[in-house]
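In the text below, chain A, chain B and the rest are named by the order of the sequence lines, each starting its count at 1. On a predicted model such as this, the values are computed, not experimentally measured, just so you know.
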2 protein chains.
Amino acid sequence: MKIGELAKRSGLSAHTIRYYERIGLLPYADRDSSSQRDYDASILIWIEFLGRLRTTGMPIRDMLRYAALRERGAGTEAERREMLERHRDRVRAHLAELEASLLVLDSKIAGYAGPDQRMKDYDATPPVRRRKPVGARTARAR
Amino acid sequence: MKIGELAKRSGLSAHTIRYYERIGLLPYADRDSSSQRDYDASILIWIEFLGRLRTTGMPIRDMLRYAALRERGAGTEAERREMLERHRDRVRAHLAELEASLLVLDSKIAGYAGPDQRMKDYDATPPVRRRKPVGARTARAR
DNA sequence: ATACGGGTTAGAGCGCGCTCTAAGTCAAGA
DNA sequence: TCTTGACTTAGAGCGCGCTCTAACCCGTAT
């Protein structure tokens, strides 16, 4: 499979695939007689996993660490596992934050829809703050 | 409240607070006789809400739209509500993606811990791909 | 023969969201 | 009076993760 095909199948752009190889996220690909990358379908599984790491917010520098361990292979399992466990915990924490914020969004939306069209105060601009009216305080258009 | 105090209380840096004002996320703050910003505690509620939007991944340009509507005040409720509803839907979708990826992480971790120390294949580096062995294919150290 | 649609490289550029710097002002305390 | 520390502004700089450009190469179809 050449890079264009892999791009289609993986959802990454060819540019991004080359970039990932350059930085070491993807293993250096075999080249055919014309120096063109020739991929085995098995790379798709790795790319999909990378996508999971990215989706869950792992920074590239950490993915690189993981990828390097993976390439070293045997003997690195414990460390890889620890990385994933730490990452999973961060993802769980992030998930909890998102859920909390989602609740806030929901109640805010409910506020807009509520029988009482008036906001629960914390949305309306505070009634023209004008404390310490010192000097010429023009409104300054933005 | 001056900017340092607000920074402490809001968790934003003073730099970031000024930046937010500059771009329009925070309303232009009243200045005291020495041109120093003087905040009303009510701003904290708005900043906290901005934090929710940021946590849930809303781009600043969208927050700006929302902030502008908020400042226009009356008559913009419907649009603000629609924005939040669309955003909420995106957050829910993202949440679902995260949860799916979390499952993958969990099973991957389980694989590392499993009774069978051998990976379910898709983690081990594929057994030295060497298809189309054309030309001098040096391993090229990385 | 030539045009086309892929591919190759090194390296520049970009959008985002801050984050920091430089040079200056001001008020309070020793 | 002098120092200190918190503030002011305009604007530069940064880390991230791509994304694109330029110039070139190659194999196939017309």
Side-chain angles (χ1 to χ4, degrees), chain A residues 1-26 28-39 43 47 49-67 87 90 94 132 134-138 140 142, chain B residues 1-26 28-39 43 47 49-67 87 90 94 132 134-138 140 142:
Chain A
M1 181 182 1
K2 286 192 286 168
I3 201 173
E5 173 78 9
L6 180 60
K8 252 178 235 157
R9 289 219 231 164
S10 67
L12 298 179
S13 74
H15 282 311
T16 300
I17 292 170
R18 291 193 202 96
Y19 165 68
Y20 277 7
E21 177 181 305
R22 211 156 53 186
I23 66 176
L25 265 192
L26 293 179
Y28 185 81
D30 284 351
R31 307 300 205 262
D32 69 13
S33 52
S34 304
S35 297
Q36 299 196 351
R37 291 169 180 81
D38 187 4
Y39 291 97
I43 195 73
I47 290 179
F49 185 64
L50 285 178
R52 297 293 185 180
L53 296 182
R54 189 189 41 186
T55 292
T56 50
M58 181 183 282
I60 281 188
R61 99 185 68 85
D62 292 1
M63 293 193 220
L64 284 178
R65 271 226 315 132
Y66 188 90
H87 181 56
R90 281 190 297 267
H94 182 213
K132 306 204 177 178
V134 173
R137 294 274 336 98
T138 41
R140 228 283 279 264
R142 306 199 263 310
Chain B
M1 182 184 358
K2 285 192 288 166
I3 200 171
E5 174 77 9
L6 179 61
K8 251 178 237 158
R9 289 221 233 164
S10 67
L12 299 179
S13 73
H15 282 311
T16 299
I17 292 169
R18 291 192 202 96
Y19 165 68
Y20 277 6
E21 177 183 305
R22 210 154 55 186
I23 66 176
L25 265 192
L26 294 180
Y28 185 81
D30 285 349
R31 308 299 206 262
D32 69 12
S33 54
S34 305
S35 299
Q36 300 197 350
R37 291 169 181 80
D38 187 4
Y39 291 97
I43 196 72
I47 291 178
F49 185 64
L50 285 178
R52 297 294 185 178
L53 296 182
R54 189 188 42 185
T55 293
T56 50
M58 182 183 282
I60 282 189
R61 98 185 69 85
D62 292 1
M63 293 194 221
L64 284 177
R65 272 226 315 132
Y66 188 90
H87 181 57
R90 281 190 297 266
H94 183 213
K132 305 204 179 179
V134 173
R137 293 277 336 97
T138 41
R140 228 284 280 263
R142 308 196 264 310

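- In plain terms, the two heavy atoms of B:S13 and B:A7 that are nearest each other are C-CB, 4.1 Å.
- If you take OH of B:Y19 and P of C:dT21, they are 18 Å apart, rounded to a whole angstrom.
- When the C1' atom of C:dG24 is taken as reference, atom CD of B:Q36 falls 13 Å away, rounded to whole Å.
- Nucleic acid contact class of B:R61 (heavy atoms, under 4.0 Å, all strands): sugar-phosphate only.
- Using a 4.5 Å heavy-atom cutoff, the side chains of A:L26 and A:L50 are in contact.
- Between the P atom of C:dG7 and the NZ atom of A:K2 lies a distance of 6 Å, rounded to the nearest Å.
- No side-chain heavy atom of B:Q36 sits under 4.5 Å from any side-chain heavy atom of B:R31.
- For the pair A:E21 CD and C:dT8 C1', the computed distance is 11 Å after rounding to whole Å.
- Residue B:D32 contributes atom CG, which lies 10 Å from atom C1' of C:dC26 at whole-angstrom precision.
- Of all heavy-atom pairs between A:G24 and A:L64, the closest is C-CD2, 3.7 Å.
- Put simply, B:S34 has a side-chain N or O that comes within less than 4.0 Å of OP1 or OP2 on C:dA27.
- Residue B:R18 is classed as a base contact, given a heavy-atom separation below 4.0 Å to a base.
- The one candidate from A:I3, A:I47, A:D30 that meets the side chain to side chain contact (heavy atoms under 4.5 Å, CB included) condition with A:Y39 is A:I3.
- Nucleotides of DNA chain D with any atom under 4.0 Å from a heavy atom of chain A span, from 5' to 3', D:dC16 to D:dG27.
- For residues 51-60 of chain A, the pairs satisfying side-chain hydrogen bond (donor to acceptor under 3.5 Å, both in side chains) are A:R52-B:S101, A:T56-A:H87, with sequence neighbours left out.
- The residue among B:M63 and A:R37 whose nearest nucleotide of DNA chain C lies closer to the 5′ end is A:R37.
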